[in-house]
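Chain naming here is simple, since letters A, B, ... match the order of the sequence lines and numbering starts at 1 in each.
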Amino acid sequence: MPELPEVETTRSGIEPSLRGRRIVALEVRDRRLRWPLPRRLERRVAGQLILGVRRRAKYLLIDTDGGTLIAHLGMSGSLRIAAAGAPIRTHDHFDLLLDSGRCLRFNDPRRFGSLHWVTGDPMSHPLLAALGPEPLGPEFDGDYLWKRARGRRVAIKLFIMNAQVVVGVGNIYASEALFRAGIRPGTQARRVSRERMHALAAAIREVLSEAIEVGGTTLRDYVNPDGTPGYFRQKLYVYERAGELCRRCGTPIRHYVQSQRSTYFCPSCQR
DNA sequence: ATGGGCACCTGGCTGC
DNA sequence: TGCAGCCAGGTGCCCA
């Protein structure tokens, strides 16, 4: 469900309620997430002081004085701040109870989300260690993309969705960035010129930052931690617009399945 | 190393 | 109304 903008919106939404608070307890109702929650998690987490909330790729890092909680929202996960006694809804799998009388509540129908506890440098955790650069960070640009694409025959859309290449580009924003850069999603990565890689890197940064500004994209039921939807949907050029007319040239938007994921593009604007 | 495909899971929608 | 079938924002892992 959430891509980088939704995760970043979640981060900034929950951080003010977490920073400086002490964790009273972790209350788990369903341990069956993507990786089953270990039994000892509750006692590890209890009593820790929260120092802040960071994001790396689509992972949220809740730093405490004794270690770091690493959370992932998977396809359908969401986090919100609730009163500690608020009624439990379906798929509310765990609560992080705070000394403020509130809690961080995790809801995830499909249970593709995850939660890990690490001591030491969280970036050395196996899930984080091999990740590519942040798309909004300084190391990511067209030259980087072009160099990484040498010899790569994979479709450019799959290439930019590969977290070892660059993190945070999911199915929505991959299609959107390729539209803005004027590149067909099926083009082999190695066939994209250096110049067009610059356009693509710029488009990725642009699409992601614009989405963050408006609170992400709400497609179905996604809501931000404060309960409001994200408004980027109104700015989508191609995603879920199959058959509708291109906002730029009027040609009908096309849809096909690429590596089991839906891809959208304008056959006239993208070559 | 690279690329392709599968698995994990639930819910909402469509069409018969 | 019921139900089968399909689709969904992610990503680790296995195989060729």
Side-chain angles (χ1 to χ4, degrees), chain A residues 1-11 29-37 55-60 70-79 89-93 106-116 125-132 135 147-177 185-191 204 207-208 211-212 214-225 229-236 238-243 255-264:
Chain A
M1 165 225 255
E3 297 194 30
L4 186 145
E6 294 74 40
V7 177
E8 180 56 31
T9 302
T10 298
R11 190 204 65 73
R29 281 175 289 275
D30 196 338
R31 320 191 78 84
R32 300 171 303 161
L33 300 187
R34 175 152 198 199
W35 291 279
L37 301 193
R55 179 188 59 71
R56 171 71 174 112
K58 294 171 194 161
Y59 292 92
L60 287 167
I70 305 177
H72 198 287
L73 303 178
M75 286 277 267
S76 57
S78 60
L79 283 166
R89 293 183 282 195
T90 323
H91 310 305
D92 280 344
H93 301 315
F106 177 78
N107 184 286
D108 186 6
R110 294 174 75 177
R111 287 191 275 115
F112 289 171
S114 60
L115 185 68
H116 293 269
H125 189 277
L127 290 173
L128 305 185
L131 292 175
K147 281 175 194 146
R148 288 294 306 263
R150 293 313 83 216
R152 300 294 304 270
R153 294 165 185 268
V154 274
I156 187 69
K157 180 183 178 232
L158 274 30
F159 181 71
I160 59 174
M161 287 179 71
N162 180 346
Q164 312 232 352
V165 173
V166 57
V167 301
V169 183
N171 204 36
I172 302 179
Y173 301 108
S175 279
E176 292 300 313
T187 311
Q188 288 188 359
R190 58 177 188 161
R191 301 273 185 228
I204 289 172
V207 152
L208 294 176
I212 291 170
V214 298
T217 304
T218 294
L219 255 22
R220 282 156 268 282
D221 49 3
Y222 176 82
V223 285
N224 291 315
Y231 294 103
F232 195 73
R233 181 169 204 181
Q234 298 154 238
K235 297 201 185 178
L236 296 177
V238 291
Y239 191 80
E240 284 198 336
R241 296 195 66 239
H255 166 257
Y256 70 109
V257 175
Q258 202 177 8
S259 182
Q260 301 144 215
R261 311 295 300 275
S262 271
T263 294
Y264 302 84

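When the side-chain contact (heavy atoms from CB on, under 4.5 Å) test is applied to H116(A), the partners found at least two apart in sequence or on another chain are W35(A), I70(A), S114(A), H125(A), L127(A). For R148(A), the salt bridge (Lys or Arg N to Asp or Glu O under 4.0 Å) criterion is met by no residue, not counting sequence neighbours. Considering only residues two or more places apart in sequence or on other chains, R153(A) meets the side-chain contact (heavy atoms from CB on, under 4.5 Å) condition with Q188(A), R190(A). Every residue meeting the side-chain contact (heavy atoms from CB on, under 4.5 Å) condition with R11(A), not counting sequence neighbours, appears here in chain and number order: E8(A), E15(A), V53(A), R55(A), L60(A). Residues forming a side-chain contact (heavy atoms from CB on, under 4.5 Å) with S259(A) (at least two apart in sequence, or on another chain): L158(A). Y256(A) pairs by the ring pair (Phe, Tyr, Trp, His ring centres under 6.0 Å) definition with F265(A), not counting sequence neighbours. Partners of R32(A) according to the salt bridge (Lys or Arg N to Asp or Glu O under 4.0 Å) rule, which considers only residues two or more places apart in sequence or in another chain, are D30(A).
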Kindly list each side-chain donor-acceptor pair under 3.5 angstrom involving residues 168-177 of chain A, sequence neighbours excluded, with atom names and distances?
from: N171(A); atom 1: OD1; to: K157(A); atom 2: NZ; distance (Å): 2.6
from: N171(A); atom 1: ND2; to: S262(A); atom 2: O; distance (Å): 3.2
from: Y173(A); atom 1: OH; to: E6(A); atom 2: OE2; distance (Å): 2.7
from: Y173(A); atom 1: OH; to: T217(A); atom 2: OG1; distance (Å): 2.6
from: S175(A); atom 1: OG; to: Y264(A); atom 2: N; distance (Å): 3.4
from: E176(A); atom 1: OE1; to: Y237(A); atom 2: N; distance (Å): 2.7
from: E176(A); atom 1: OE2; to: Y237(A); atom 2: N; distance (Å): 3.3
from: E176(A); atom 1: OE2; to: V238(A); atom 2: N; distance (Å): 2.9
from: E176(A); atom 1: OE2; to: Y239(A); atom 2: N; distance (Å): 2.8

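Rounding to whole angstrom units, CD of residue E240(A) and P of dC13(B) are separated by 12 Å. Atom C1' of nucleotide dG12(C) and atom CG of L73(A) are separated by 17 Å, given to the nearest angstrom. To the nearest angstrom, P of dG10(C) lies 12 Å from OH of Y59(A). Atoms CG (L128(A)) and P (dG12(C)) sit 9 Å apart, rounded to a whole Å. Distance D108(A) CG to dG10(C) P: 13 Å, rounded to the nearest Å. dG12(C) atom P lies 11 Å from atom NE2 of H125(A), rounded to whole Å. Rounded to whole Å, the distance from CZ on R190(A) to C1' on dA1(B) is 15 Å. Rounded to whole angstrom, the span from the CD atom of Q258(A) across to the P atom of dG3(B) amounts to 13 Å.
In this structure, the separation between CD on Q234(A) and CZ on F232(A) is 10.5 Å, given to the nearest 0.5 Å. One distance of note links CZ of R31(A) with CG of L37(A); it measures 5.5 Å at 0.5 Å rounding. Rounded to the nearest 0.5 angstrom, L79(A) CG and D108(A) CG are separated by 9.5 Å.
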Whether each nucleotide of nucleotides 5-10 of chain B has a protein heavy atom under 4.0 Å at its base (B), only at its sugar-phosphate (S) or at neither (-) is summarised, 5' to 3', as SB-BBB

For DNA chain C, what is the dot-bracket line, given that a base pair needs Watson-Crick (N1 to N3, plus N6-O4 or O6-N4) or G-U wobble (N1-O2 and O6-N3) geometry with both distances under 3.5 Å, and | means paired with another strand? .|||||||.|||||||

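At the heavy-atom level, S175(A) lies nowhere under 4.0 Å from the strands shown. Y239(A) comes within 4.0 angstrom of the backbone, heavy atoms only, and of no base.
Shown for residues 156-167 of chain A: no residue has heavy atoms falling under 4.0 angstrom of DNA chain B.
Using the six-membered ring where Trp is involved, H72(A) and Y59(A) have ring planes that are perpendicular, over 60° apart on the 30 and 60° scheme.
Note on S262(A): a side-chain N or O is less than 4.0 Å away from OP1 or OP2 of dA8(C). Listed pair R153(A) / dG4(B) fails the phosphate criterion, with no side-chain N or O lying under 4.0 Å from OP1 or OP2. Considering only side-chain N and O atoms, Y173(A) lies nowhere under 4.0 angstrom from the phosphate OP1 or OP2 of dG10(C).
When side chains are defined from C-beta on, L73(A) does not count as touching F112(A), because their heavy atoms never get closer than 4.5 Å.
Across dC6(B) and dC6(C), the matching P atoms stand 14 Å from one another, rounded to whole Å. dC7(C) and dG5(B): their P atoms are spaced 16 Å apart (whole Å).
Panel note: side chain N107(A), backbone S78(A); no donor-acceptor pair is recorded below 3.5 Å. At distances below 3.5 Å, at least one donor-acceptor pair connects side-chain atoms of D92(A) with backbone N or O atoms of R89(A).
Nearest to the side-chain atoms of L127(A) among the listed nucleotides dG10(C), dG12(C), dG4(B) stands dG12(C).
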Please enumerate all protein N or O atoms sitting under 3.5 Å from an N or O of nucleotides 13-16 of chain C, with distances to 0.1 Å.
none

